[in-house]
Structure formats: C-alpha cells, structure tokens
Amino acid sequence: MRGRRWKTLLVAMALALGGLVGAAATPAAADPPGGTLRGVYYDGQFCNSYGSEGARTGLWSWYYCEYRQSGPTGPGFYFLWTFTY
C-alpha cells in the first residue's frame with residue numbers, strides 16, 4: 001500500500017512540474033498575416049526555386065524564404081512562406 005502512495009505522489013509532482021515548465025516556455029512564432037507555411041528546407045536555393053515556380057504557375061501570389069538558425073551553433077533551415085491575394 002505504501003508503494004502505491006509514493007507512486008501517486010511522484011506522478012502528481014511530475015505533472016505539476018511539467019505544467020510549470022510548459023507555462024514558462026516561450027510561444028512559437030506566429031505565421032505572418034495572410035501567410036501559409038508551405039515547407040521547411042535545408043537549401044535556400046531549392047526554397048527559392050520552389051517558391052518562384054509556385055508563383056509563376058499561379059499557386060500563390062508571392063512568397064519569401066525565411067532563414068532561421070536553431071540555436072547558436074545549430075543548423076539553419078529555410079521556411080517557405082506563401083501569400084495569396
């Protein structure tokens with residue numbers, strides 16, 4: 001019986017700490033107004049060629065590739081944002 005009480009207490013503490021960590025986290029960046037995220041790529045040239053091809057064929061009005069680095073020494077990624085007006 002005692003083991004079950006300890007487990008219950010540990011689970012309750014873990015859930016409480018998890019809620020505190022989740023509440024303290026910074027929110028993710030929101031989509032630009034009117035923008036749609038179409039993909040995340042390693043290569044900027046591919047991101048731009050895919051974006052320009054979509055604009056040329058009428059899938060979206062315009063696009064841009066946003067570069068974001070994950071951390072101070074992490075790899076960078078290109079986010080393809082498209083806009084239709």
Side-chain angles (χ1 to χ4, degrees):
M1 190 66 144
R2 219 165 201 216
R4 184 174 287 171
R5 286 183 185 171
W6 278 106
K7 284 182 186 177
T8 304
L9 178 64
L10 289 175
V11 168
M13 287 176 51
L15 289 173
L17 288 174
L20 289 175
V21 171
T26 58
D31 293 357
T36 303
L37 179 63
R38 296 288 177 176
V40 180
Y41 306 102
Y42 288 108
D43 184 69
Q45 184 177 0
F46 180 78
C47 182
N48 280 301
S49 67
Y50 187 70
S52 65
E53 179 68 19
R56 188 182 65 76
T57 58
L59 293 174
W60 43 78
S61 303
W62 64 282
Y63 75 96
Y64 76 94
C65 292
E66 176 185 12
Y67 179 77
R68 291 187 193 170
Q69 189 170 353
S70 58
T73 59
F77 299 100
Y78 293 88
F79 292 77
L80 175 61
W81 294 101
T82 63
F83 300 84
T84 305
Y85 298 111

Look up atom CZ in Phe79 and atom CZ in Arg68, then write down how far apart they are to the nearest 0.5 Å. 5.0 Å

Applying salt bridge (Lys or Arg N to Asp or Glu O under 4.0 Å), which residue pairs with at least one partner in residues 69-85 are found, sequence neighbours left out? none

Exam field: side chain Ser70 to backbone Pro75, donor-acceptor pair closer than 3.5 Å: yes

Are Trp62 and Trp81 joined in one hydrophobic group, where the rule is that I, L, V, M, F, W and Y side chains link up if heavy atoms are under 4.5 Å apart? yes

Determine which pairs satisfy salt bridge (Lys or Arg N to Asp or Glu O under 4.0 Å) with at least one residue from residues 50-62, sequence neighbours left out, and list them in order. Glu53-Arg56

Rounded to the nearest 0.5 angstrom, the OH-CG distance for Tyr41 and Leu80 is 5.5 Å

Within this structure, what is the CG-OH distance for the pair Asn48 and Tyr64, rounded to the nearest 0.5 Å? 12.5 Å

Spacing of Leu59 atom CG and Tyr50 atom OH [to the nearest 0.5 Å]: 7.0 Å

Residues passing the side chain to side chain contact (heavy atoms under 4.5 Å, CB included) test with Tyr42, sequence neighbours excluded, are Phe77

Please check: side-chain N/O of Trp60 versus main-chain N/O of Gly51, any donor-acceptor pairing under 3.5 Å? yes

If you measure from OH on Tyr67 to SG on Cys47, what distance do you get to the nearest 0.5 Å? 12.5 Å

Neighbour count >12 (heavy atoms, 6.0 Å) for atom CD, Gln69: yes

How long is the span from the OH atom in Tyr78 to the SG atom in Cys65, to the nearest 0.5 Å? 9.0 Å

